[in-house]
Novice: 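Below: one structure in structure tokens.
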Amino acid sequence: MLQSSNKNRPSPELLDLRRRIRHSAAHLLADAVLEVIPAAKLTIGPPTDDGFYYDFDLPRPVTPEDLERLEGIMRQRIKADLPFVGKEVTKEEAAHMYADQRYKLEILEDIPPGEKITLYSHGKFTDLCRGGHVDRTGQVSAIKLLNVAGAYWRGDEHNPMLQRIYGTAFESQSALNQYLKNLEEAQKRDHRKLGIEMGLFVFNPIAPASPFFLPKGTALYNALVEYARGLYKRYGYSEVITPQIFETELWKRSGHYQHYIENMYVINIDEREYGVKPMNCPAHALMFGAQAHSYRDLPVRFADFGRLHRYERSGVTHGLTRVRTFAQDDAHIFCRPDQVEQEIRTFVAMLDQTYKLLRFEDVRIRLSLRPEGRIGTEEMWDRAEKALANSLTGQGLEFEPVPGEGAFYGPKIDFLVADALGREWQLGTLQLDYNLPERFDLDYTAEDGSKQRPVVLHRAMFGSIERFLGVMIEHFGGAFPVWLAPVQARVVPIADRHSAYAEQVRDALQAAGIRAEVDSRSERMQAKIRDAQLQKIPYMLVAGDREAAAGAVAVRMRSGEDKGAMPLDKVKEMILKDVVDGT
RNA sequence: GCCAGCGUAGCUCAGUGGCAGAGCAGCUGUUUCGUAAACAGCAGGCCGUCGGUUCAAAUCCGACCGCUGGCUCCA
């Protein structure tokens, strides 16, 4: 769902109607495709949250002109107001009917014996289908085909690539129009677009999927990093700096060489092989192992903003949200088994506090539970999963348990947030790891003098800082809270003769640690205000004759609010208060 | 990696086989202005790259690179 549509959430009845309309629209689409491309092989066509799709195996690509033609045929069917008619058949009857439709036959094969097999028809078109339609095609009302994409049959990349046609349908033209308008609005918040417009970062094909952060983007980036450092001081983390490149010996020991090498940058030099780090954990394990630890020292919390490189397959990268070089607000907590639960709780509380500060309200939390082929005892998994679940409920957070999705070395919690177009990205994460300490033979000395194995927690609030920034840019539509804004205040001299005073104002603000600049172009004030608005700068400080005489500036807020002339000291105080309050 | 689409000035885009274009941004000049776009001029291009077809290619064909949407992947 679009974030902007979260207010005025549709009723369950309307959602059900839309589901049936969209499912029906998928039938109309299949009907139309068969008319235009009779050789088409049909597969499945379900409704989605925002519309529907239908997957076809086609002898030729679908063109944009096809989409228009298909839409036209679908509209004819809607106008004809044909009834949807269901009919129960035997497997043999259905198989006979779909003799030349191999995918439908495969679907039939998989229907367990005894289960009802139903066909639904409108006009001359019939589809194998469980049902859930509107009564007549006329009720489909408003449709729009959106795009064509490739999709593997049954989602398996070894299967043939099908052509998926995406569309949407609504109960009325006005609801459809509203949706399309929201979509357009959401596209304006695309971080890749805003990144260029606001001068935050650029990309260059010479380093694919690798952002170059411009000064303003770097200010934003560093604001997040400094925020994390602030928390670390209060939460007992110790920041460390670790190498970028390690001999592959290390990656063999950590297991990355066996499981992750495809995603690593490997360098051969001096007849030795090195790997650029895709993660920090092995380095932290080495550091922990380099010193003797008493049970009294634990937990040890190593935080690392080190740059990571992962070779992501071409075709999966995406703006800032899926890149090949990034840093995380990464930390590894080495603790005693009896400390695990407290550490989890503290982290979850810290993350919750942070997401609330950033007004990330629609966060989906997934708890990935024990997979097949795991290490450790059942008792250990029981305890670990329970500790994770308790820490979430203790913080009043709802989560979704996902059986079988945990790592082989431990369960994990993922925090997912949607971008402007509703695509979810994993941001924060917390993983329990019982494997790393084994592989690196880590220990601490217990009270009784025995050597004990610590437990490791991998954790990040932001996850990849790049990805977090991408989602955050879209979340705020570029209008960042003052503490994050790359430019917190822009001084706007009315005429050239006010430039010197404007520069004094800027210098005074900068001296107070405020990110301020002057727009000294020979432009009219209106144009400067407009540009500052478009840059979503929180404070516009107008400096003219009256202000210069009074040691003041006229304060205009990004919201358009005009606070009138205020003494410079007051303005400084107001901005700094915003920074402290996180507003 | 796979399917499809796209790639023209810093940005947004027009240009479908015959001299490379517009708006915005930039620069220069004029204007010195009170809360969302002053006026004029100038400059800006290997039309992603390489190859092919053609008398002639931004335009047609192929390969590669990059980006976009989706699929797969995401220790």
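In what follows, chains are A, B, ... by sequence order, proteins preceding strands, each numbered from 1.
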Novice: Kindly point out which of B:G66, B:C71, B:C2 is positioned nearest to the side chain of A:Met161?
Specialist: B:C2
Novice: If you look at every strand shown and take non-hydrogen atoms under 4.0 Å, does A:Ala151 touch a base, only sugar-phosphate, or nothing?
Specialist: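 Sugar-phosphate, backbone atoms only, no base.
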Novice: Contact class for A:Arg423 (heavy atom, under 4.0 Å): base, sugar-phosphate, or nothing?
Specialist: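 Contact class for A:Arg423: sugar-phosphate only.
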Novice: Figure out the CZ/C1' separation between A:Phe212 and B:G66, and round it to whole Å.
Specialist: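 To the nearest whole Å, that distance equals 13 Å.
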Novice: Take atom NE2 of A:His256 and atom C1' of B:C74, then tell me their distance rounded to the nearest Å.
Specialist: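 In whole Å, B:C74 C1' and A:His256 NE2 are 13 Å from each other.
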Novice: Toward the 5' end of RNA chain B, which comes first, A:Arg154 or A:Ala495, by nearest nucleotide?
Specialist: A:Ala495
Novice: Is A:Asn147 touching bases, backbone alone, or none of the nucleic acid, heavy atoms closer than 4.0 Å?
Specialist: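 If one applies the 4.0 Å heavy-atom cut-off, A:Asn147 turns out to touch the sugar-phosphate alone, with no base involved.
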Novice: For A:Arg439 and for A:Leu162, locate the closest nucleotide of RNA chain B by heavy-atom distance; then report the residue assigned to the nucleotide nearer the 5' terminus.
Specialist: A:Leu162
Novice: So A:Phe347 and A:Phe415, would you call those rings parallel, tilted or perpendicular, with 30° and 60° as cut-offs?
Specialist: perpendicular
Novice: Taking only N/O atoms, report every protein-nucleotides 4-13 of chain B pair under 3.5 Å with atom names and distance.
Specialist:
none

Novice: Can you find a donor-acceptor pair, distance only, under 3.5 Å between A:Glu547 side chain and B:G34 base?
Specialist: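 Yes.
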Novice: Could you state the atom-to-atom distance from NE2 of A:His318 to P of B:G70 in whole Å?
Specialist: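 To the nearest whole Å, that distance equals 8 Å.
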Novice: Suppose we define a pair by two distances each less than 3.5 Å, Watson-Crick or G-U wobble; what does B:A57 pair with here?
Specialist: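 B:A57 is unpaired by these criteria.
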Novice: Using a cut-off of 4.0 Å on non-hydrogen atoms, how would the nucleic acid contact of A:Ala209 be classed: base, sugar-phosphate, or nothing?
Specialist: sugar-phosphate
Novice: Would you say B:A36 has OP1 or OP2 under 4.0 Å from some side-chain N or O of A:Arg556?
Specialist: yes
Novice: For A:Leu320 and A:Phe213, which heavy atoms make the closest approach, and how far apart are they?
Specialist: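 Heavy atoms of A:Leu320 and A:Phe213 come nearest at CD2-CZ, 3.9 Å.
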Novice: Look at the rings of A:Phe334 and A:His332 and say which category their plane angle falls in: under 30° parallel, 30 to 60° tilted, over 60° perpendicular.
Specialist: tilted
Novice: Rounded to the nearest angstrom, tell me the gap between atom CG in A:Leu146 and atom C1' in B:U68.
Specialist: 15 Å
Novice: Taking 4.0 angstrom as the limit, do A:Asp531 and A:Arg490 come out as a salt bridge?
Specialist: no
Novice: The side chain of A:Tyr260 lies closest to which of these nucleotides: B:A75, B:U35, B:C71?
Specialist: B:A75
Novice: Select base, sugar-phosphate, or nothing to describe what A:Arg192 touches, counting heavy atoms under 4.0 Å on all strands.
Specialist: sugar-phosphate
Novice: Check whether any side-chain nitrogen or oxygen of A:Arg521 sits under 4.0 Å from OP1 or OP2 of B:A25, and answer yes or no.
Specialist: no
Novice: Can A:Arg22 be said to sit on top of A:Phe52's aromatic six-ring, NZ or CZ under 6.0 Å from centre and within 45° of the ring axis?
Specialist: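 No, cation not above the ring by the 6.0 Å, 45° rule.
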Novice: Is there a donor on the side chain of A:Tyr152 or the base of B:G1 sitting less than 3.5 Å from an acceptor on the other?
Specialist: yes
Novice: Between the side chains of A:Asp304 and A:Thr242, does any donor sit under 3.5 Å from an acceptor?
Specialist: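 Distance-only check passes for A:Asp304 and A:Thr242.
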Novice: Hunt down the Watson-Crick or G-U wobble partner of B:C33, both distances under 3.5 Å, from any strand shown, or write none.
Specialist: none
Novice: Determine which nucleotide pairs with B:A4, using a 3.5 Å limit on both distances of a Watson-Crick or G-U wobble pair.
Specialist: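 The answer is B:U68, by the H-bond criterion.
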Novice: Any base atoms under 4.0 Å from A:Asn204, or only sugar-phosphate, or nothing? Heavy atoms, all strands.
Specialist: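 Result for A:Asn204 = nothing.
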Novice: Check the distance between B:C67's P and A:Gln187's CD and give it to me in whole angstrom.
Specialist: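 Value for this atom pair: 19 Å.
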Novice: Is there a side-chain contact between A:Phe56 and A:Leu42 in this structure, where contact means two heavy atoms from C-beta onward sitting under 4.5 Å apart?
Specialist: yes
Novice: What nucleic acid atoms does A:Gly319 come within less than 4.0 Å of, heavy atoms only: base, sugar-phosphate, or nothing?
Specialist: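 Counting heavy atoms under 4.0 Å across all strands, the contact made by A:Gly319 is with sugar-phosphate only.
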Novice: Aromatic ring centroids of A:Tyr434 and A:Tyr409 under 6.0 Å?
Specialist: no
Novice: Choose from B:C73, B:C33, B:A75 the nucleotide whose nearest atom is closest to any side-chain atom of A:Arg313.
Specialist: B:C73
Novice: Checking A:Thr63 against A:Asp66: is there a side-chain donor and acceptor pair closer than 3.5 Å?
Specialist: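 A:Asp66 vs A:Thr63: donor-acceptor pair found between side chains.
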Novice: Relative to the ring of A:Phe468, is the ring of A:Phe360 parallel (under 30°), tilted (30 to 60°) or perpendicular (over 60°)?
Specialist: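 Parallel: the ring planes of A:Phe360 and A:Phe468 meet at under 30°.
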Novice: Quick one: do the A:Thr325 and A:Arg307 side chains pair a donor with an acceptor below 3.5 Å?
Specialist: yes
Novice: Please report the distance separating the C1' of B:U72 from the corresponding atom of B:U53, rounded so that it comes out in whole Å.
Specialist: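 Those two atoms are separated by 38 Å.
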Novice: Across all strands, who's sitting opposite B:U28 as a Watson-Crick or G-U wobble pair, both distances under 3.5 Å?
Specialist: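 Looking at the geometry, B:U28 pairs with B:A40.
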Novice: Enumerate the residues from residues 524-536 of chain A whose closest heavy atom to RNA chain B is under 4.0 Å, giving them by residue number; use none for an empty result.
Specialist: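 A:Arg524, A:Met525, A:Gln526, A:Ala527, A:Ile529, A:Arg530, A:Gln533, A:Leu534, in order of number.
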Novice: Whole-Å distance between B:A75 P and A:Leu457 CG?
Specialist: 18 Å
Novice: Pick the C1' atom in B:A20 and in B:C47, then give their distance to the nearest Å.
Specialist: 8 Å
Novice: Going by purine N1 to pyrimidine N3 plus the second Watson-Crick contact, or the G-U wobble pair, all under 3.5 Å, which nucleotide sits opposite B:G21?
Specialist: B:C13
Novice: Could you work out the separation of B:G21 and B:U16 based on their P atoms and round it to a whole Å?
Specialist: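 Those two atoms are separated by 14 Å.
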Novice: Answer with base, sugar-phosphate or nothing: what part of the nucleic acid does A:His498 contact at a heavy-atom distance below 4.0 Å?
Specialist: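 Result for A:His498 = nothing.
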Novice: Please give the distance between the C1' atoms of B:C24 and B:A38 as a whole number of Å.
Specialist: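 About 15 Å, rounded to a whole number of Å.
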Novice: When the ring planes of A:Tyr265 and A:His309 are compared, do they come out parallel, tilted or perpendicular, using 30° and 60° as the limits?
Specialist: perpendicular
Novice: Give one of base, sugar-phosphate or nothing for A:Gly315, where a contact means two heavy atoms less than 4.0 Å apart.
Specialist: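 The residue A:Gly315 makes base contact.
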Novice: Using a cut-off of 4.0 Å on non-hydrogen atoms, how would the nucleic acid contact of A:Tyr166 be classed: base, sugar-phosphate, or nothing?
Specialist: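 It contacts sugar-phosphate atoms only.
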Novice: Could you check which of B:A38, B:G34, B:U72 has an atom nearest any side-chain atom of A:Asp545?
Specialist: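 Per side-chain heavy atoms of A:Asp545, the pick is B:G34.
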Novice: Report which part of the nucleic acid A:Arg310 touches: base, sugar-phosphate, or nothing (heavy-atom distance under 4.0 Å, all strands).
Specialist: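 Contact class for A:Arg310: none.
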Novice: Take atom C1' in B:G69 and the same atom in B:C11, then report the distance between them in whole Å.
Specialist: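 Looking at atom C1' only, B:G69 and B:C11 are 22 Å apart.
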Novice: With under 30° as parallel and over 60° as perpendicular, where do the rings of A:Tyr179 and A:Phe170 fit, or are they tilted in between?
Specialist: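 Ring orientation of A:Tyr179 relative to A:Phe170: tilted.
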